[in-house]
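What follows is one structure encoded as structure tokens, with my remarks underneath.
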Amino acid sequence: MRASTWVFCIHGTLPLMDSNSEPANSSPVTRFAPSPSGHLHVGGARTALFCWAFAKGRGGKFVIRIEDTDQKRSSDAASVGFLKDLEWLGIRWDEGPVFRAPDGSSVGGGEHGPYFQSERLEIYNHHIARLIASGNAYEAWDSQEELEALRKEALGRKEAFRYRFRGEPSAEDRARFAAEGRVPVVRFRAKLAPVTIPDEVLGYTVLPEGEVDDFVIRKKDGFPTYHFAVVVDDELMRVTHVFRAQEHFTNTAKHVLLQDALGFRRPVYGHLSIIKNPDDSKMSKRDKDKVLRKAVKEQGITAPPESTVSVEEWTAWTASDAVQLSLEGAIRLADALRVQLPEINVDDFRRSGYLPEVICNFLALNGWSPGHDVEKFDNEFLKERFGLDRVLKTPAKFDRVKLLAFNTDAMNAMSHEEFVARCRAHAEAFRPEYLARLTPEQFARLMTATKERSKTLDEPFKSNAFLLETNESLQFKDDKAVRKALGIGATSEAGAKSGLDHLRAMRSILEQCEWTHDALEHAANAYATDCAGGKIGSVAQPLRVAVSGTTVSPPIWDTLLLVGKPGSLRRLDRCIEWAVALR
RNA sequence: GGCCCCAUCGUCUAGCCCGGUCUAGGACACAUCCCUCUCACGGAUGGGACAGGGGUUCAAAUCCCCUUGGGGUCACCA
């Protein structure tokens, strides 16, 4: 009878609804079940990695399911953008949304779909009907206001609010609800008994009787709540092991109760600790906004800087802390404000030039370790060794400095060919301007000049922005180090040549010099021996300032080759001019 | 606040389950030195932790209890 009030109806019996028709399978099935998102958070990445490693190391399957039962959250095309991040990390799924990988192969699919919960409503309704029929669930008509009042009352008694069955509505009530256009939710009638939360990481713990209330399993809009959908889908998708964030630990009691009422099997649970920021706060997407808000405040900025974000976006953003800037806008604003956005999502780290294998390695080390002081390993190793018995219960702080060190080691271990290939791929994706500006010879030179000092794939580009400047647009940085190199403002010892003097002298030497690494080095060394007391540094540094604008660049001979002879001479002239005007 | 979970160098962690082999090991970071045309890389050396208090025991980082601190949860979010 109440079925008539349902928003969604059952159309026959789906084969998927038979859950116990298959013999127990010994190989495990794990799943990663995020809500829709365009970006994969590092915490989520670690959960996915562990799920993947556990299943794949035991001949099982790894499933991805999209938990999009909240209609308020957008579910546009970008909703599964995070899939590309998973694929990039080397985490591939056996079942789930279909995804075309860059290499042309296809990931996903499977016979237990659909893998979007929003497409599974009739399945959920079928099982909700079973629960109602067996007396394990009921419709509840309370309005938000009524619930709020109840909650306040409980708060007044200093108690946590627990919803309990409030009796069948009378005929008059029912008529009034209908007149008001009220739509009921469905609540689960929680068994009044202690509930054991099974957890292979934290250990089994008993929740006292009454802790679990009659929670909602179907919302007013006809969508199931997370608790209900997750239990049904884990059963139907044959999930044997559930590894998820620790915030779900207490929720597990609800899931266990639901499984019992539904006659479902119980997967093995393992709750993973959260990953925190160095300052102990929870790592979140908001962290980027926080950095920007702080910078805006500190710099006293009251209007959006040119070509960063629109006035509308700016106004909305400054008006409320709850509003977050678009990723693109945030990046442009950070550039304008000269602040570094913290990397939070997997694609942030990708953009910064981190290696996917290093991210996986490092992520795995946050909350798990293979023991025996081993800490460098790949996903194959993880797959072989990963087990719940060595998962840590304590939350880890995400240490970007150590991540960088790991990345540096991996970069150093690369062959030159691999380094070039991966840097090129990185540039194609994130630094196209370098590819456009540099000739193949220059690019090759940049690679040899930067390989041993690069900590990330982005470093050859990020650290050498002077290559993008024209000979006329290059700005010389006026700071202490530059002044020291050129001898500006310093009282030099009697007879000693300043950096500027060396620059003038080198100008004519370089003009005569063959533009090769060896010839340049010989010419400069000869000059340094004669005129700089053999100190090549006092010649190289002024040259570096002249061609790169700062005191930091790749080895000076490589830098000169990179800039080229005409360019170098022109930059020298401009630098001399600039320095003379400064003193 | 109720309920639940957790606790080793600054950080990630090994050791803890099965007490002695731990004057607690590794890695990152830090400090000093070496290398050096800048920045890096690299090499050497060094400081640095069992949250506190009670037990149990011949013996406790390891087992038990309390305190303190941290986290999670208490939604028609997931």
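Throughout, protein chains are lettered first and strands after them, A, B, ... in sequence-line order, and every chain is numbered starting at 1.
Between A:R244 and A:E67 there is no salt bridge, since no side-chain N of the basic residue sits under 4.0 Å from a carboxylate O of the acidic one. Taking a cutoff of 4.0 Å between a charged side-chain nitrogen and a carboxylate oxygen, A:D214 and A:R189 do not qualify as a salt bridge. A salt bridge between A:K462 and A:E459 is absent, with no side-chain N of the basic residue lying under 4.0 Å from a carboxylate O of the acidic one.
Here the P atom of nucleotide B:U13 and the CZ atom of A:F362 are 9 Å apart, to the nearest Å. Atom P of nucleotide B:A75 and atom CD of A:E148 are separated by 10 Å, given to the nearest angstrom. Taking atom CZ of A:F223 as the reference point, atom C1' of B:A75 lies 18 Å away to the nearest angstrom. Nucleotide B:G72 holds its C1' atom 13 Å from the NZ atom of A:K254, rounded to whole Å. When the C1' atom of B:A40 is taken as reference, atom CD of A:E459 falls 8 Å away, rounded to whole Å. A:F406 has its CZ atom 10 Å from the C1' atom of B:U13, to the nearest Å. As a whole-Å value, the separation of A:N361 CG from B:A27 P is 15 Å.
When ring centroids are compared, A:F349 and A:F398 come within the 6.0 Å threshold. Side-chain rings of A:F377 and A:W368 approach one another, their centers coming within less than 6.0 Å. A ring-centre distance under 6.0 Å is found for A:Y527 and A:H502.
Candidate nucleotides B:A75, B:C28, B:C39 were compared by shortest atom distance to the side chain of A:F161, and B:A75 ranks first. In this structure, of B:C41, B:A27, B:A78, it is B:C41 that holds the atom nearest to the side chain of A:T408. Nearest to the side-chain atoms of A:N412 among the listed nucleotides B:G42, B:U13, B:A40 stands B:G42.
The same atom, C1', is picked in B:A60 and in B:G20; the two are 9 Å apart, to the nearest Å. With C1' as the reference atom, B:A61 and B:G1 are 34 Å apart, rounded to whole Å. Comparing the C1' positions of B:U62 and B:A78 gives a spacing of 39 Å, expressed to the nearest Å.
Shown here, B:A51 forms a base pair with B:U67; the pair counts as Watson-Crick or G-U wobble because both key distances fall under 3.5 Å. Nucleotide B:C74 forms a pair with B:G1, judged by Watson-Crick or G-U wobble geometry with both contacts under 3.5 Å.
Backbone-only contact: A:S35 has heavy atoms under 4.0 Å from sugar-phosphate atoms and none from a base. Here A:V216 lies in heavy-atom contact (under 4.0 Å) with sugar-phosphate atoms only. Across all strands, A:Q144 comes closer than 4.0 Å to base atoms (heavy-atom distances). As judged by a 4.0 angstrom heavy-atom cut-off over every strand, A:H271 is placed among residues making no nucleic acid contact. A:R65 comes within contact range of no nucleotide atom at all, as no heavy-atom separation falls under 4.0 Å. Among the heavy atoms of the strands, none lies under 4.0 Å from A:D389. Contacts of A:N407 with the nucleic acid, taken as non-hydrogen atoms under 4.0 Å apart, are absent. Residue contacts for A:T69: at a heavy-atom cut-off of 4.0 Å it reaches the sugar-phosphate backbone alone, with no base atom in range. At the heavy-atom level, A:K376 lies nowhere under 4.0 Å from the strands shown. Across all strands shown, A:S369 has heavy atoms under 4.0 Å from sugar-phosphate atoms exclusively, and none from any base. Looking at heavy-atom distances under 4.0 Å, A:E247 makes contact with a base.
Heavy-atom minimum distance, A:G38 versus A:D85: O-OD2, 4.2 Å.
Within the 4.0 Å cut-off from OP1 or OP2 of B:C76, not a single side-chain nitrogen or oxygen of A:R218 is found. Contact annotation: A:K72 side-chain N/O to B:A78 OP1/OP2 distance is not under 4.0 Å. Considering only side-chain N and O atoms, A:R151 lies under 4.0 angstrom from the phosphate OP1 or OP2 of B:C76. Taking side-chain N and O atoms only, A:K276 has no distance below 4.0 Å to OP1 or OP2 of B:G71.
Judged by atom type and distance alone, A:K402 reaches the base of B:A27 through a side-chain donor-acceptor pair under 3.5 Å.
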Identify each atom pair where a protein N or O and an N or O of nucleotides 3-10 of chain B are less than 3.5 Å apart, giving names and distance.
unit_1, atom_1, unit_2, atom_2, d
B:C3, O4', A:E211, OE2, 3.4
B:C6, OP1, A:K393, NZ, 3.4

Between the protein and nucleotides 35-37 of chain B, are there any N/O to N/O pairs under 3.5 Å, and if so, what are the atom names and distances?
unit_1, atom_1, unit_2, atom_2, d
B:C37, O2, A:R544, NH2, 2.3
B:C37, N3, A:I556, N, 3.4

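With hydrogens and angles ignored, the 3.5 Å screen pairs a side-chain donor or acceptor of A:N407 with a backbone N or O of A:L355. Under a 3.5 Å cut-off, the side chain of A:Y434 and the backbone N or O of A:F461 do form a donor-acceptor pair.
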### Query
side chain to side chain donor-acceptor pair (under 3.5 Å) between A:S553 and A:T559: does it pass, once the steps are laid out?
CA-CA 7 Å; A:S553 87; A:T559 307; 3.0 Å; yes
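Side-chain atoms of A:D233 and A:Y115 include no donor-acceptor pair closer than 3.5 Å.
When A:L457, A:L404, A:V346 are each tested for a side-chain contact (heavy atoms from CB on, under 4.5 Å) with A:Y354, only one passes: A:L404.
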